[in-house]
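Heads up: numbering here begins at 1 and tracks the sequence. We count ligands from 1, going down the list as the structure has it; atoms in each ligand are counted the same way.
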Amino acid sequence: MLHKLKNYLGDASEDIHFSEPTKKNLVADDPIDIERRDKVKEAMLHAWTSYERYAWGQDELQVFRHNKYVPYFSCQPQTKNGIDSFGGLGATIVDSLDTLYIMGLDDQFQKAKEWVAKSLDFNKDYEASVFETTIRVAGGLLSAYDLSEDKVFLEKAKEIVDRLLPAWDSPSGIPYNRINLAHGNPHNPSWTGRNSILADSGTEQLEFIALSQRTGDSKYQQKAENVITQLQKTFPSDGLLPIYINPDTGGSSYSAITFGAMGDSFYEYLIKAWIQGNKTESVKHYREMWETSMQGLVSLVRKTTPSSFSYICEKNGDSLSHKMDELACFVPGMLALGSFGYDSENSEKFLSLAKELAWTCYNFYQSTPTKLAGENYYFHDGQDMNVGTSWNILRPETVESLMYLWRFTGNKTYQEWGWNIFQAFEKNSRIDSGYVGLKDVNTGVKDNTMQSFFLAETLKYLYLLFSPPSFISFDEWVFNTEAHPLRIVPRHHQRETIR
Ligand code: DMJ
């Protein structure tokens, strides 16, 4: 498989036994794309080497300043170190496995694999986030397995999901969002009023279904799919669910409706579970729920003045809040992906909304002095967009959407936008010892963390933005919310016991 992928990028004319639809999509590799892809690969190598040097085995790389009151400058004394933000699971290693593989960084992939085989230990007395552990660790391992076919990744994926599984033992089957990896004891934190969070509860379907398909054990799939069955029972007519769910009843608790933090990937997984299930009758309800939610999404879209940027409002009860998280910038990609299941009129309508929202998200970046987006934006009459929370933590959502839109439209403008964003990361976030986010996109003052999703998602999506669309094709792969591609098991290969 590795050989095939490498040959594929090196020589697009070689017969590598991809499926017929994939071959039809083959386009000649543009020399500018090759150059840009190499630059992104070099960025990945820099990020990886820095992590390897200073934080190997820990979750994420951090650069500590000795004087916290002085802004970061590269000449300042620093302590480069690691932080165990996910309980000490080597999150950056596991999150990076497939990116290394896809980019052909073979030596680095082999070293990461050895660490997974010999040192990855889940027996941690740590209150883990079920969501983060699933999307980063289980998702990363399953993707590495699908790409490399090395069984060690599947065994490890099973091991971590087995530790997470008691979280689903609530009266409704909606999972509790935290669990101690060594001792179990699933629970919800007090800051949610002991509610479960929508995105945290509805973003395990792809990983758990994939695990059931690959192990032949249906219990993972059953637990995750039951969540959707429960939510379906009280699904509102606009398909918009509040972010808090009561795990005792499975009903919604009064809270915000958003396509940003705490809501986002629930909607993403509805359409992706339909794709993962080969769009068959048994997964039709996912598509139907998603289409209902997209009607709800349309009802939240407004336009700025004076420049007519489309944006997605949040909703509290009956009132709209004119605020949008950068996190919601995954929506254009999701709409483009789902637009092709509609009739031609709706397909055009949703693709066009995707393009409008992508333009807004790109302008979240372009409108700041650093050309990097803030965490969220407010929209006031006559002022277009204003940064709210002004940090940037190397998030991927906008480049993710640009990759989808470029693949679906073939319009190279999306590649240009992605290239501009990449250059802004290079200019503002690259330091001698890796990459860091910004505390403020207006001043350029840096923070100290290299988030694992920068290697898992941001750099991978940029690399794919400059690769032929048939490389890790949407015909054969579906990306989890942490950008880990999972192979779509063809319908005739799915075991009868699973569905
Ligand atoms: C990632 O962990 C995932 O993309 C998740 O869905 C949202 N947050 C981060 C990236 O911003």
Chemist: Not counting sequence neighbours, list each pair that qualifies as a salt bridge (Lys or Arg N to Asp or Glu O under 4.0 Å) and has a residue in residues 396-405.
Modeler: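 Pairs touching residues 396-405 that pass the test: none.
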
Chemist: Tell me the closest heavy-atom pair linking Thr292 and Gly239, and the distance in Å.
Modeler: CG2-N, 3.6 Å

Chemist: Of all the heavy-atom pairs spanning Ile93 and Trp115, show the shortest one and how long it is.
Modeler: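 Where Ile93 meets Trp115 most closely, the heavy atoms are CD1-CD2, 3.5 Å.
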
Chemist: If you draw a 6.0 Å radius around NZ in Lys219, do more than 12 non-hydrogen atoms from other residues or ligands fall strictly inside?
Modeler: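 Atom NZ in Lys219 is crowded, with more than 12 foreign heavy atoms closer than 6.0 Å.
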
Chemist: Would one find more than 12 heavy atoms of other residues, nucleotides or ligands at under 6.0 Å from atom CH2 of Trp56?
Modeler: yes

Chemist: For Ser201 versus Ile174, what's the shortest heavy-atom pair and its separation?
Modeler: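 Distance-wise, the nearest heavy atoms are OG-CG2, 3.9 Å.
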
Chemist: Taking only heavy atoms of the protein into account, state which residues are under 4.0 angstrom from an atom of ligand 1, in chain and number order.
Modeler: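 These residues qualify: Ile135, Arg136, Leu327, Arg395, Pro396, Glu397, Phe453, Glu457, Thr481, Glu482.
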
